[in-house]
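All values below come from the heavy atoms of this structure, side chains included, with hydrogens, waters and symmetry mates left out. Convention: sequence-line order gives letters A, B, ...; per-chain numbering from 1.
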Number of protein chains: 2
Amino acid sequence: MRFDDRKKRILSAIVETYIRTGEPVGSKTLSEFPGICVSPATVRNEMAALFEMGFLEQPHTSAGRIPSHLGYRAYIDGLMRVKPLTEDEKDGIDALFNIGDPDPDKLLADAAEALAEYTGCATVAMTTTPHYVTVEHIDIVPADESTVVLLVIASNGVVKSKVCRLGFRVNTGIADFFRKFANDRFCGHTLKDISAEFVTAVSVQLGDYSNVFNPLIVGIYELCKEVYDGQYYLGGREKLLTYNEYSDRALEIMKLISKRDELGPVIGNNPSGVTVFIGKENSLSQLMGSSLLVARFNIGENDCGTIGLIGPVRMDYSRLIPHLEYFAEKLGTLLSITYQRKTGDENG
Amino acid sequence: MRFDDRKKRILSAIVETYIRTGEPVGSKTLSEFPGICVSPATVRNEMAALFEMGFLEQPHTSAGRIPSHLGYRAYIDGLMRVKPLTEDEKDGIDALFNIGDPDPDKLLADAAEALAEYTGCATVAMTTTPHYVTVEHIDIVPADESTVVLLVIASNGVVKSKVCRLGFRVNTGIADFFRKFANDRFCGHTLKDISAEFVTAVSVQLGDYSNVFNPLIVGIYELCKEVYDGQYYLGGREKLLTYNEYSDRALEIMKLISKRDELGPVIGNNPSGVTVFIGKENSLSQLMGSSLLVARFNIGENDCGTIGLIGPVRMDYSRLIPHLEYFAEKLGTLLSITYQRKTGDENG
DNA sequence: TTTAGCACTCATCTCTTACGAGTGCCAACA
DNA sequence: TGTTGGCACTCGTAAGAGATGAGTGCTAAA
């Protein structure tokens, strides 16, 4: 049985109509399509063939057909005509990012929310820190008698700070001593290296002072870990409630989305560009009724994070894929400006 | 018609049974209650009286009765026997806070999430900054050639930092100059005072350098505003999906909860202790199908924030009210340790 | 290969009926 | 006077019976 041109046109029409209406598509509806100028009976023959080939499913005998996962896959991989973004749409996305001097953390959190609002899907955004990123500088700023602000600056430009309340008075002498000590021990090491064992070993070197300075050492460890682990943001999970696909599964999927442990690995390991997981293609059972679109974004040449879209299998791929692609690109560009230094000159 | 003891017992039984089962309560069920040793017919007479008095509602003629808002109100204000927390329950809540050296921001975010998990309700946590809080110290730490970390330390102990990328090389001389300038102009002023106009006026004083340093001045403004505005955290909105009360209104209420503009004023202005808004008592129309429990938490003597619980009107008040109370108290204690300085000695 | 015709399937809607939980009211009783 | 048993009544809910109609598969003719 050949997957000929007319079958392709019919499959496309079924996918697109079903995405639009959510109703199984029948032969009569299809025969009225501009691209398909044959009678309902002929369409039925073709539909029977497409069913045999595994591209269609039938909710029940007397209903029309809906696309199977294979059907969606064939549509996305070959049949779909991607709708390139209009200038207005590009402007719309650009406007979402129209903020002066963005804080990188907030930028991503806001981006996740904005993308959800824009697409009507739930979103996940995640940053990843390359293994070669090192500690570049550690600083300690006395803020108050016994309070200091600890800063860790990583070689990829990320800065994290933490307020530490200590049990003793911190004067500039103590601060200077600890600053030098911490920079000597931590700078140049990759974030990946800075494990609990590493920190214990460093702490031991403080000898009698190790107890006193321990909160600061632990603080540095926590900050390094925070930078290395990256961030995980959610947006618009409640959007899923608008689809009746989720009427009885909304809680389950909303819970899943907030679990970084589960979703992180799935969205984190993908090639560049937009990757699509349709329904049962997902490895997580809770996601099998959903589709997941994932796009990486880069700072310069370096993979820097992923942003993902979660929605019903019946989502408008031809619109969402290019939108997500443009969005991720834009996000990367903006982050590149923020972290303009250190991209590519030390990855090796 | 007297609201006598038996009527009170019957109302209590109706409220408690309805909270437990979600079904309208009938006279037969009530007559079997240990505290109510009369026949169903007598109970019916009493129920008719309670209905007359406005304490009960009737979904339809042939159903049992459910409490009206007045009924819940009477129950909560006088009839309810608050279940004091067991030691185990106290330990359970204590365990939620069992984290060494908490970051105040994270503490509250985690608390909101933990409370939602613990109570099965959606939660909102909000910090408020008293009007008398001033800027205590501003610091600028060069992190990289053209990158600095800006720190604002407020008199209530809150520290916020922000990374600023500048268009020029920052050496220690420049940093020292700006640090002195900023501290001279901002320190001692209340956060409330630091408006856009104030910042413009300060900027003007930099004369020719005002353009150069503007990102830093704006950064200080943003940080001050961030401290003054406080934080707004949500937790467990998806918990509401477990109640069929929300089966068709979940989206609406979840959206509302995320709007600080709308919910902030409602939960922010309440006396100390736990305040309860039952259904229609709420000023926001979207909340009229829900109950809202709000508790303030304090640092020392000073009002510092509020934590609220949102759930179906049919919620277990006798359990949740003391739990929320204890939780807020615990939260205040923990924050007091974090911000142990400056409480009460400068409010005036 | 395409198409018209036709019998068949099956979800959905509507109408009817039966059921039962719960009520209100009344008369009798302590 | 308060309490109780009895009884007719209400009304939501569940179950069953048609009727409807969208859509199919198959066959035979063009």
Asker: Once you round it to whole Å, what is the distance between P of D:dG23 and OH of A:Tyr18?
Answerer: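 After rounding, the reported distance stands at 14 Å.
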Asker: For D:dG2, does either OP1 or OP2 sit under 4.0 Å from a side-chain N or O belonging to B:Arg2?
Answerer: no
Asker: Any side-chain N or O of B:Arg65 less than 4.0 Å from the OP1 or OP2 oxygen of C:dG24?
Answerer: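 True: B:Arg65 side-chain N/O within range (under 4.0 Å) of C:dG24 OP1/OP2.
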Asker: Please confirm whether the backbone N or O of A:Ile14 pairs with a side-chain atom of A:Thr17, one donor and one acceptor, at under 3.5 Å?
Answerer: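 Looks like no, no N/O pair under 3.5 Å.
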Asker: Rounded to whole Å, how long is the line connecting atom CE of A:Met47 with atom P of D:dC26?
Answerer: 14 Å
Asker: Among the candidates C:dT23, C:dA21, D:dG25, find the nucleotide nearest to the side-chain atoms of B:Ser62.
Answerer: C:dA21
Asker: What is the distance, to the nearest angstrom, from the CD atom on B:Glu32 to the P atom on C:dG22?
Answerer: 10 Å
Asker: Taking the side chain of A:His60 as its heavy atoms from C-beta onward, which of C:dT23, C:dC10, C:dA21 lies nearest to it?
Answerer: C:dC10
Asker: Nearest whole angstrom, please: distance from the P of D:dG23 to the CZ of A:Phe51.
Answerer: 17 Å
Asker: Look at all strands and tell whether B:Thr61 reaches a base, only sugar-phosphate, or nothing, counting heavy atoms closer than 4.0 Å.
Answerer: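 Here B:Thr61 touches the backbone only, sparing every base.
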Asker: Looking only at side-chain atoms of A:Asn45, point me to the closest of D:dT4, C:dT3, C:dC10.
Answerer: C:dT3
Asker: Give one of base, sugar-phosphate or nothing for A:Ala63, where a contact means two heavy atoms less than 4.0 Å apart.
Answerer: sugar-phosphate
Asker: Under 4.0 Å between a side-chain nitrogen and a carboxylate oxygen: does that hold for A:Lys8 and A:Asp5?
Answerer: no
Asker: For the atom pair CD1 (B:Ile278) and NE2 (B:His69), what is the distance rounded to the nearest 0.5 Å?
Answerer: 8.0 Å
Asker: Hey, mind stepping through B:Leu241 and A:Leu241 against side-chain contact (heavy atoms from CB on, under 4.5 Å) and telling me if it holds?
Answerer: CA-CA 10 Å; B:Leu241 293 172; A:Leu241 294 172; 3.6 Å; yes
Asker: Hey, are A:Ser291 and A:Tyr72 close enough side-chain-wise for a donor-acceptor pair under 3.5 Å?
Answerer: no
Asker: Counting side-chain heavy atoms from C-beta on, which of C:dT23, D:dT4, D:dT24 comes nearest to A:Gln58?
Answerer: D:dT24
Asker: Please give, in whole Å, the distance from D:dT24 P to A:Glu52 CD?
Answerer: 15 Å
Asker: Kindly point out which of D:dG21, C:dT3, C:dC6 is positioned nearest to the side chain of A:Arg44?
Answerer: C:dC6
Asker: Taking NZ from B:Lys28 and C1' from D:dC7, how many angstroms apart are they, rounded to a whole number?
Answerer: 17 Å
Asker: Whole angstrom is fine here: how far is it from CD1 in A:Ile36 over to P in C:dT2?
Answerer: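 One finds 13 Å between P of C:dT2 and CD1 of A:Ile36, rounded.
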Asker: Start at the 5' end of DNA chain D and walk down; is the nucleotide closest to B:Arg6 or to A:Thr29 reached first?
Answerer: B:Arg6
Asker: Output the rounded distance in Å from CG (B:Leu56) to C1' (C:dG22).
Answerer: 14 Å
